[in-house]
There are 2 protein chains.
Amino acid sequence: MLDERKRLILNAVVQDYICSAEPVGSRTLVKRHRIGLSPATIRNEMADLEEMGFLEQPHTSAGRIPSHLGYRFYVNSLMGDFQFDPAELHALEQKLSDLESQPANFTRQLAKLLSSVTSYISLIAEPCDTAQEVRHIDIIPLTAGVASLIVVLSDGAVNHTTISVPSGLSSRQIKSLTAFINRRLQGIRLRDINPAMLNELRDEFSGNMKLIDDIMSFVQHMLLARDDQLIVDGAKNLLSQPEFKDINKFQDLLAALEQNDVILKLMQVNDSPDDLDIRIGAEIGLESFYDCSLVVATFTHRERKVFLGILGPARMHYAKTIGFLRRLRDYFD
Amino acid sequence: MLDERKRLILNAVVQDYICSAEPVGSRTLVKRHRIGLSPATIRNEMADLEEMGFLEQPHTSAGRIPSHLGYRFYVNSLMGDFQFDPAELHALEQKLSDLESQPANFTRQLAKLLSSVTSYISLIAEPCDTAQEVRHIDIIPLTAGVASLIVVLSDGAVNHTTISVPSGLSSRQIKSLTAFINRRLQGIRLRDINPAMLNELRDEFSGNMKLIDDIMSFVQHMLLARDDQLIVDGAKNLLSQPEFKDINKFQDLLAALEQNDVILKLMQVNDSPDDLDIRIGAEIGLESFYDCSLVVATFTHRERKVFLGILGPARMHYAKTIGFLRRLRDYFD
DNA sequence: AATTAGCACTCGACCCCTTAGAGTGCTAAC
DNA sequence: GTTAGCACTCTAAGGGGTCGAGTGCTAATT
């Protein structure tokens, strides 16, 4: 598709632009990459590459920048493996194992780590898997009239909330209710639970005992709520990227990131399930992200499916970001 | 301290500046507030107010802006109650009761609501109260070698994590272990739990059963981790405020907000426990927040102490923000 | 035929200067 | 005590001029 020389030049332009964020001119390129060619030749080649859609010119008298197609070609065909500094790599593994041994807030900490290492935005999605079964439901009385309602799913997800219980209930009655609910719901997949079923349960039990309507409505809410988790960290990193010196763009981005449901859907589209999903610009499918690229790794951690994404400018350091996510996946899988 | 006319003028300057974010000149003031005085007189008064430290001048030929002392005086002595639109108020109560009936992610949703209503940053801190007792500990087997560890405290806080269990353990053994741990720890205050005690427990039980070392170390981590929660939302709102058109300031702010421990401490300092804590500029005690004001309401929701804060520019709409937080507190308390 | 030197041209970035306008402080009159 | 009048100050905005990096084209070179 592209002859060797064009590949060389495209590669050089992409690399330079990724580092400098400035349009790359023919002279600069020759100087920095010791290509045995004169600027004039480079210019001709660049004009060709532009015609073919791999490069763009911000204005007539500026250098070239890669188009999204250019990045795409770079990622698919030019980019090599990133060589990590072994010391750095070791420090990273250290941090990861620290995270695993201190499990409180694991995901949030991981997001922080991701964003600080890449200096882009990190996204971690843990969608609620409705194929999971209810493993255990617990109602723990706290004080008069208040209790904790806890639902454990078979993948280890735990949903909980504080609920009001009628003050007339004894703890024995609560135990009996809990046992009843567990007997009837344990092993049932989340997606197979529906309001009708829960109502039936409620009616059946309230024959034995009034007062449980409130509790059942909480249980219902809890079980029917799809508790998809999305964690975002490091938005501030992008502020140092020159593409976001225009505040409005950044604000757009932040606004888009707050639409959790949209982002969650976005991340679960994975065209290459075995490897990373790399999407550049419009490929992401969200207008506010047209100047960005998104790399998503899908893997399973402790039985739960986790989507791990890095969102940066389209002028992202692909080799490093991708290499990093691959290593991370190897570590956890 | 200030005569009537000075109070009137200071009040007018603060109000105008809060709305316009532009230095207020004498002419503008006369026009907008129908004071029966000429600009020249106002100028004299303003010069006095500046000398007294209530007003400042960005440069010689600009209007005046309130100093932090000026805001302080405004908040303490001038500001009246904000009149909310009844319709708006009703919509708010509607949203709040929706939140309460759908308890999943309550705090996060509340933070979103706060920030969208005020268009400032909302902060919600739920510090771990170490005076709380352990109410219940549960270990729920998930798959071979994996289980969920759940700790419920007497205020309804639930900590959980997925842990590895030795694959040799039967579910009966796990039950027996759970019962043992509960027997020994139930009712003990978090602050009274220490590593020595847990080690003792471990030793005592492992006499009966080997293999539990891993589990105990998880329990230990879980119980000793102080799981203070801080939720921040609406940072993007401040980008539309002119004081943050300088990206660096905003970046500073974001960086400061990521230091959860610092912010948590900040919010728990409450000089006026019965009412809101209103801190202006340097009073907040964090350099990155010197151009900001912070209003914190402390209250108790379902037995848990919750700190609810609004962080905005020093040029914040105090009356509205404060009125809003007061109503919120009335609603929940 | 491919490459390159030379050259005229383009365009944004930067600096400097001017101007307009909002606002001030002071003085003298009311 | 208040105000009109006035000279003064300072910023924001706009208009050139210059600089420099970069281009495309043409003609010479290899």
Side-chain angles (χ1 to χ4, degrees), chain A residues 2-10 12-17 19-67 70 242-243 245-247, chain B residues 2-10 12-17 19-67 70 242-243 245-247:
Chain A
L2 288 185
D3 62 42
E4 199 48 47
R5 199 165 72 182
K6 283 202 174 54
R7 295 167 65 97
L8 196 76
I9 292 175
L10 181 54
V13 172
V14 173
Q15 281 184 9
D16 273 22
Y17 186 64
C19 295
S20 70
E22 305 263 303
V24 185
S26 51
R27 241 182 88 84
T28 330
L29 208 66
V30 170
K31 268 191 200 160
R32 195 136 19 145
H33 291 267
R34 307 175 167 264
I35 312 173
L37 291 170
S38 79
T41 311
I42 304 289
R43 278 204 287 281
N44 288 329
E45 293 287 23
M46 278 174 148
D48 288 355
L49 283 167
E50 183 173 355
E51 213 170 312
M52 299 164 82
F54 294 107
L55 294 181
E56 285 172 355
Q57 237 177 340
H59 56 265
T60 325
S61 72
R64 300 307 207 290
I65 64 176
S67 67
E243 24 274 278
K245 71 173 194 297
D246 173 9
I247 293 190
Chain B
L2 288 185
D3 62 42
E4 199 48 45
R5 198 164 73 182
K6 284 202 173 53
R7 294 166 66 96
L8 196 76
I9 292 175
L10 180 54
V13 172
V14 173
Q15 282 184 9
D16 274 21
Y17 185 64
C19 294
S20 70
E22 305 264 304
V24 185
S26 51
R27 244 181 84 84
T28 330
L29 207 65
V30 170
K31 268 191 201 160
R32 196 143 10 155
H33 291 267
R34 307 175 166 265
I35 311 173
L37 291 169
S38 78
T41 312
I42 304 288
R43 279 204 286 280
N44 289 329
E45 293 287 24
M46 278 174 147
D48 287 355
L49 282 166
E50 183 173 356
E51 212 170 312
M52 299 164 84
F54 294 107
L55 294 181
E56 285 172 355
Q57 237 176 339
H59 56 265
T60 325
S61 71
R64 301 305 207 291
I65 64 177
S67 67
E243 24 274 278
K245 69 175 197 295
D246 173 9
I247 292 189

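Being a predicted model, the structure only gives us computed values, none of them experimental. Chain letters run A, B, ... following the sequence lines, proteins first and then strands; every chain starts at 1. The figures here come from the full heavy-atom set of this structure, side chains too, leaving out hydrogens, waters and symmetry mates.
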request  = State whether A/Arg5 places a side-chain N or O below 4.0 Å from either non-bridging phosphate oxygen (OP1 or OP2) of C/dT3.
outcome  = yes
inquiry  = Run the salt bridge (charged side-chain N to carboxylate O under 4.0 Å, His left out) test against A/Arg7 and tell me which residues pass, sequence neighbours left out.
reply    = none
query = Tell me: CZ of B/Arg32 to C1' of C/dG23, nearest whole Å?
reply = 15 Å
ask   = With distance as the sole test, does B/Ser67 use its side chain to make a donor-acceptor pair with the main-chain N or O of B/Gly53 at under 3.5 Å?
value = yes
task = Can you sort out the partners of A/Arg32 under salt bridge (charged side-chain N to carboxylate O under 4.0 Å, His left out), two or more places apart, ordered by chain and number?
result = A/Asp16
task = Sequence neighbours left out, what passes salt bridge (charged side-chain N to carboxylate O under 4.0 Å, His left out) with A/Asp246? Give chain and number order.
result = none
query = D/dT11 P sits how many Å from B/Ile65 CD1, rounded?
reply = 14 Å
ask   = What residues form a side-chain hydrogen bond (donor to acceptor under 3.5 Å, both in side chains) with A/Glu22, not counting sequence neighbours?
value = none
ask   = In whole Å, what is the span from the NZ atom of A/Lys245 to the C1' atom of C/dG12?
value = 12 Å
remark   = B/Leu37 CG to D/dG1 P, in whole Å, measures 14 Å
key: Length of the CD-P vector between A/Glu22 and C/dG12, whole Å   = 15 Å
request  = Enumerate the residue pairs fulfilling ring pair (Phe, Tyr, Trp, His ring centres under 6.0 Å) with a member in residues 22-55 of chain B, sequence neighbours excluded, ordered by first and then second residue.
outcome  = B/Phe54-B/Phe73
ask   = Quick one: B/His59 NE2 to C/dG23 P, roughly how many Å, whole number?
value = 10 Å
remark   = B/S/- along nucleotides 19-28 of chain D (protein heavy atoms under 4.0 Å) is ---SBB----
